[in-house]
Amino acid sequence: MKSFLTKIVDLMKDDNLFASQGGPIILAQVENEYGNVQWAYGVGGELYVKWAAETAISLNTTVPWVMCVQEDAPDPVINTCNGFYCDQFTPNSPSKPKMWTENYSGWFLAFGYAVPYRPVEDLAFAVARFFEYGGSFQNYYMYFGGTNFGRTAGGPLVATSYDYDAPIDEYGFIRQPKWGHLRDLHSAIKQCEEYLVSSDPVHQQLGNKLEAHVYYKHSNDCVAFLANYDSGSNANVTFNGNTYFLPAWSVSILADCKNVIFNTAKVVTQRHIGDALFSRSTTVDGNLVAASPWSWYKEEVGIWGNNSFTKPGLLEQINTTKDTSDFLWYSTSLYVEAGQDKEHLLNIESLGHAALVFVNKRFVAFGYGNHDDASFSLTQKISLEEGNNTLDVLSMLIGVQNYGPWFDVQGAGIHSVFLVDLHKSKKDLSSGKWTYQVGLEGEYLGLDNVSLANSSLWSQGTSLPVNKSLIWYKATILAPEGNGPLALNLASMGKGQAWINGQSIGRYWSAYLSPSAGCTDNCDYRGAYNSFKCQKKCGQPAQTLYHIPRTWVHPGENLLVLHEELGGDPSQISLLTRTGQDICSIVSEDDPPPADSWKPNLEFMSQSPEVRLTCEHGWHIAGINFASFGTPEGKCGTFTPGNCHADMLTIVQKACIGHEGCSIPISAAKLGDPCPGVVKRFVVEALCSE
């Protein structure tokens with residue numbers, strides 16, 4: 001580890017990347033969340049923390065070092081907080097700043113689980129509370145979602161997408177309203193910057209679960225954070241002689257101790273309509289196939305090469321494969337004497353993560369674990385034949401364990417196999433002779449490589465074999481026009497891996513459905529968040545769309561290869577690209593004006609709130625589908641005029657059509673008042689396109 005740290009630091013120094021050298025690096029980190037697992041290592045864990053800190057400091061980076069989630073980080077290393085909330089975190093020394101190194105914008109995705117998401121109202125609340133309580137540094141994890149291409153996904157069973165419900169998604173598109181609401185939040189905090197660095201906050205209790213923290217620059221010059229941390233009840237509070245409405249689980253930021261320029265629960269930024277990122281698709285059987293129909297290659301079951309080997313007992317998978325492949329064949333033979341029972345129960349126990357079982361080369365069972373417990377036990381009734389029988393088990397790895405105590409020695413693969421006959425006599429096969437084969441024949445042949453696209457290894461015919469296990473598919477495709485990223489829809493497939501022009505876009509497992517219960521269309525942001533609180537896509541695959549970077553495809557023909565492990569129908573695969581986005585904005589008369597319009601004066605609230613619409617860079621507003629000032633009914637995508645309605649279509653079209661963005665002040669005096677005395681909303685639904 002010392003060699004690794006030294007190498008990285010030296011690389012940074014050689015390129016003058018540290019702040020003292022004029023570079024952008026202001027902070028360095030050694031270890032990550034070791035404090036969560038330190039207990040498992042006893043005294044050795046404590047000694048390791050001291051050694052790691054001393055080693056880091058000795059490298060003389062000239063910037064501070066931090067240890068995330070490490071209460072005993074020795075001086076001068078700064079211990080920091082990771083989590084959904086860090087407002088109550090206190091560093092282990094008053095000389096160290098309060099730092100939040102990982103604020104989880106969502107959560108990672110696992111095969112077989114629903115899709116987690118974090119409401120932006122709660123995320124903004126957590127950030128505001130952190131700075132309310134004297135926080136000095138806050139970082140999002142993740143701010144830009146990613147993709148675990150190839151076999152790089154962690155484990156067990158972590159999905160290929162690492163989108164994380166981040167403000168910028170894994171394709172590089174802005175996710176609204178999360179991105180816009182956080183932009184407005186940080187604009188408001190920026191307005192308070194001089195005060196936040198001038199003093200410590202002064203606390204005032206305003207009621208039950210109601211409080212204020214005030215930062216003074218001078219005795220009559222301050223900013224304030226007003227918080228209602230009750231998860232159910234809204235409140236009106238009095239502060240400095242003025243009354244303020246605080247929704248439950250929210251923070252209002254007063255940039256001059258008087259005017260509210262932002263409230264975490266009031267989302268006034270635009271929203272996206274619908275959950276689908278991609279709008280235009282063509283099927284592989286349609287004009288995606290350019291030069292050839294589907295081809296295929298069927299894997300042999302069991303031992304396929306002369307590099308197999310035989311050992312007594314069952315071997316642990318990762319140490320055997322050295323992580324060169326997700327697959328390890330376990331093969332043995334079973335002999336049935338004349339007159340012996342042919343019907344048996346086969347029991348297989350595995351450390352994980354999944355396994356296909358074949359008796360006499362015929363598929364009999366599939367077993368698998370889950371992210372929280374990758375181990376599994378499989379019991380299957382089988383019929384043997386008189387004489388020799390073969391038992392082949394293909395054990396599958398779905399990501400290597402990458403967190404937790406002793407994660408580096410977490411095993412995988414089969415560890416127990418036995419047969420039970422009709423007389424309940426048990427035969428343990430675990431200690432017998434087993435023949436092993438690392439990887440699949442298709443991997444060994446390199447069927448994913450472009451160089452084998454025209455190989456005679458591939459078969460063709462008038463009838464495409466579908467719903468077959470251990471089969472490779474190949475097709476030549478044409479990418480849609482444009483510059484944006486692409487997504488491959490693999491909902492029709494079972495489990496496997498896909499490649500485009502020899503580049504692996506990752507593992508897929510569309511056949512593994514999440515539990516049917518536990519999701520909600522409108523998750524209540526109020527109250528403490530956890531990764532299971534807000535979920536969507538129950539009863540569906542965790543992931544069906546797979547990111548293909550545009551740089552991986554080229555004009556003309558592109559090679560698509562899939563290895564299907566369970567069974568699927570490649571003829572239903574489609575390639576999608578995004579050409580537009582429906583957006584929506586909902587702003588009320590009583591919402592604050594935009595935070596970035598605030599100026600230090602007492603007339604801020606006399607300014608108007610605004611409807612603001614913005615398209616992705618390079619796109620423009622092509623159409624206005626709905627525009628009403630009054631009391632429109634419904635939600636984004638389904639709004640209709642209410643009892644109070646002034647048609648704003650012409651006004652919005654004039655201000656917005658053809659532009660990348662536009663804004664319209666909300667003022668009844670200028671727009672006309674369709675219902676005096678009623679608090680009105682301005683609602684717009686629009687279409688952005690290339």
S.K.: Heavy-atom count check: over 12 atoms from other residues, nucleotides or ligands less than 6.0 Å from Asp647 CG?
M.R.: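 Buried by this count: over 12 neighbours within 6.0 Å.
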S.K.: For atom CD of Glu71, decide whether the heavy atoms of other residues, nucleotides or ligands shown that lie under 6.0 angstrom number more than 12.
M.R.: no
S.K.: With disulfide bond (SG atoms under 2.5 Å apart) as the test, would you mind laying out the steps for Cys662 and Cys656 before giving the verdict?
M.R.: CA-CA 5 Å; Cys662 61; Cys656 302; 2.0 Å; yes
S.K.: Would you indicate whether the side-chain heavy atoms of Pro665 and Lys670 approach each other to under 4.5 Å?
M.R.: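 Counting from C-beta outward, Lys670 and Pro665 never come under 4.5 Å.
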S.K.: How far apart are the closest heavy atoms of Arg681 and Phe639, and which atoms are they?
M.R.: NH2-CE2, 3.9 Å
S.K.: Judged by modelled atom types alone, do Tyr195 and Asp221 share a side-chain donor-acceptor pair under 3.5 Å?
M.R.: yes
S.K.: Which pairs pass disulfide (SG to SG under 2.5 Å) with one or both residues in residues 199-262, sequence neighbours excluded?
M.R.: Cys222-Cys257
S.K.: Would the Tyr140 and His186 ring centres measure less than 6.0 Å apart?
M.R.: yes
S.K.: Is it the case that the side chains of Ser252 and Asn263 hold a donor-acceptor pair, with the cut-off being a distance below 3.5 Å and no angle test?
M.R.: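 Ser252 and Asn263 do have a side-chain donor-acceptor pair below 3.5 Å.
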S.K.: Using the ring of Phe173 (Phe, Tyr or Trp, six-membered ring only), decide whether Arg578 places NZ or CZ under 6.0 Å from its centre and within 45 degrees of its axis.
M.R.: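 Judged by the rule (NZ or CZ under 6.0 Å from the ring centre, within 45° of its axis), Arg578 counts as positioned above Phe173.
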S.K.: Decide yes or no for Glu102 and Asn32: does some side-chain heavy atom of the first lie under 4.5 Å from some side-chain heavy atom of the second?
M.R.: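 In contact.
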S.K.: Can you check whether Tyr48 and Tyr34 have ring centres sitting under 6.0 Å from each other?
M.R.: yes
S.K.: Does any part of the side chain of Leu196, heavy atoms only, come nearer than 4.5 Å to the side chain of Phe225, both counted from C-beta?
M.R.: yes
S.K.: Under the salt bridge (charged side-chain N to carboxylate O under 4.0 Å, His left out) rule, what do Asp524 and Arg526 come out as? Steps first, then yes or no, please.
M.R.: CA-CA 5 Å; Asp524 190 347; Arg526 300 174 300 176; 3.0 Å; yes
S.K.: Taking the side chain as every heavy atom from C-beta outward, state whether Phe629 and Val652 have any pair of such atoms under 4.5 Å apart.
M.R.: no
S.K.: Search all heavy atoms of Met142 against all heavy atoms of Ala166 and return the closest pair with its distance.
M.R.: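 Nearest heavy atoms, Met142 then Ala166: O-CB, 3.4 Å.
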S.K.: Please find out if less than 6.0 Å separates the ring center of Phe84 from that of Trp107.
M.R.: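 Yes.
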S.K.: Taking the side chain as every heavy atom from C-beta outward, state whether Met1 and Val30 have any atom pair closer than 4.5 Å.
M.R.: yes
S.K.: How about Tyr143 and Trp179: does a side-chain donor come under 3.5 Å of a side-chain acceptor?
M.R.: yes
S.K.: Once the angle between the rings of Tyr162 and Phe108 is folded into 0 to 90°, is it parallel (under 30°), tilted (30 to 60°) or perpendicular (over 60°)?
M.R.: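 Parallel: the ring planes of Tyr162 and Phe108 meet at under 30°.
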S.K.: If you draw the axis of the six-membered ring of Tyr164, does the NZ or CZ of Arg175 fall within 45° of it and under 6.0 Å from the ring centre?
M.R.: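 The answer is no, since Arg175 fails at least one limit relative to Tyr164.
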S.K.: Given the rule in the salt bridge (charged side-chain N to carboxylate O under 4.0 Å, His left out) test, do Lys190 and Asp596 qualify, once you have shown the distances and angles that lead to the verdict?
M.R.: CA-CA 9 Å; Lys190 180 69 175 177; Asp596 59 12; over 6 Å; no
S.K.: Do you know which two heavy atoms are closest between Ala686 and Leu613, and how far apart they sit?
M.R.: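 Scanning both residues completely, I find the closest heavy atoms to be CB-CD1, 4.2 Å.
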S.K.: Which heavy-atom pair separates Val77 from Val66 by the least distance, and what is that distance?
M.R.: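 Smallest heavy-atom distance, with atoms named: CG1-C, 3.8 Å.
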S.K.: Do Ser250 and Asn228 have a side chain donor and acceptor closer than 3.5 Å?
M.R.: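 No pair is found: no donor N or O on one side chain lies under 3.5 Å from an acceptor on the other.
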S.K.: Determine whether Phe262 and Val251 make a side-chain contact, defined as any pair of heavy atoms from C-beta on separated by less than 4.5 Å.
M.R.: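 Result no, sub-4.5 Å side-chain heavy-atom pair not found.
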S.K.: Taking it one step at a time, do Asp582 and Glu685 satisfy side chain to side chain contact (heavy atoms under 4.5 Å, CB included)?
M.R.: CA-CA 7 Å; Asp582 291 310; Glu685 294 176 359; over 6 Å; no
S.K.: Taking the side chain as every heavy atom from C-beta outward, state whether Ser136 and Met99 have any pair of such atoms under 4.5 Å apart.
M.R.: yes
S.K.: To the nearest 0.5 Å, how far apart are CG in Asn625 and CG in Leu649?
M.R.: 9.0 Å
S.K.: Identify whether the distance between the nearest side-chain nitrogen and carboxylate oxygen of Lys96 and Asp75 falls below 4.0 Å.
M.R.: yes
S.K.: Only one of Lys178, Arg118, Lys536 clears side-chain hydrogen bond (donor to acceptor under 3.5 Å, both in side chains) with Asp165; which?
M.R.: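 When Lys178, Arg118, Lys536 are each tested with Asp165, the side-chain hydrogen bond (donor to acceptor under 3.5 Å, both in side chains) holds only for Lys178.
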S.K.: Is the closest basic N to carboxylate O distance between Arg129 and Glu211 below 4.0 Å?
M.R.: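 Looking at Glu211 together with Arg129, the answer is yes, because their closest N to O distance falls below 4.0 Å.
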S.K.: Are side-chain N/O atoms of Asn36 and Gln38 paired as donor and acceptor at under 3.5 Å?
M.R.: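 Note: Asn36 and Gln38 side chains miss the donor-acceptor criterion.
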S.K.: So do Phe130 and Cys81 actually touch side chain to side chain, heavy atoms under 4.5 Å?
M.R.: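 A side-chain contact under 4.5 Å is absent here.
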S.K.: Please say which of Asn259, Val223, Leu226 ends up in a side-chain contact (heavy atoms from CB on, under 4.5 Å) with Leu254.
M.R.: Leu226
S.K.: Going from OG on Ser667 to CD on Glu589, what distance comes out if it is rounded to the nearest 0.5 angstrom?
M.R.: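 Going from OG on Ser667 over to CD on Glu589, the span is 8.5 Å.
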S.K.: If you look at every heavy atom in Ala227 and Glu132, which pair is closest and at what distance?
M.R.: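 Scanning both residues completely, I find the closest heavy atoms to be CB-OE1, 3.5 Å.
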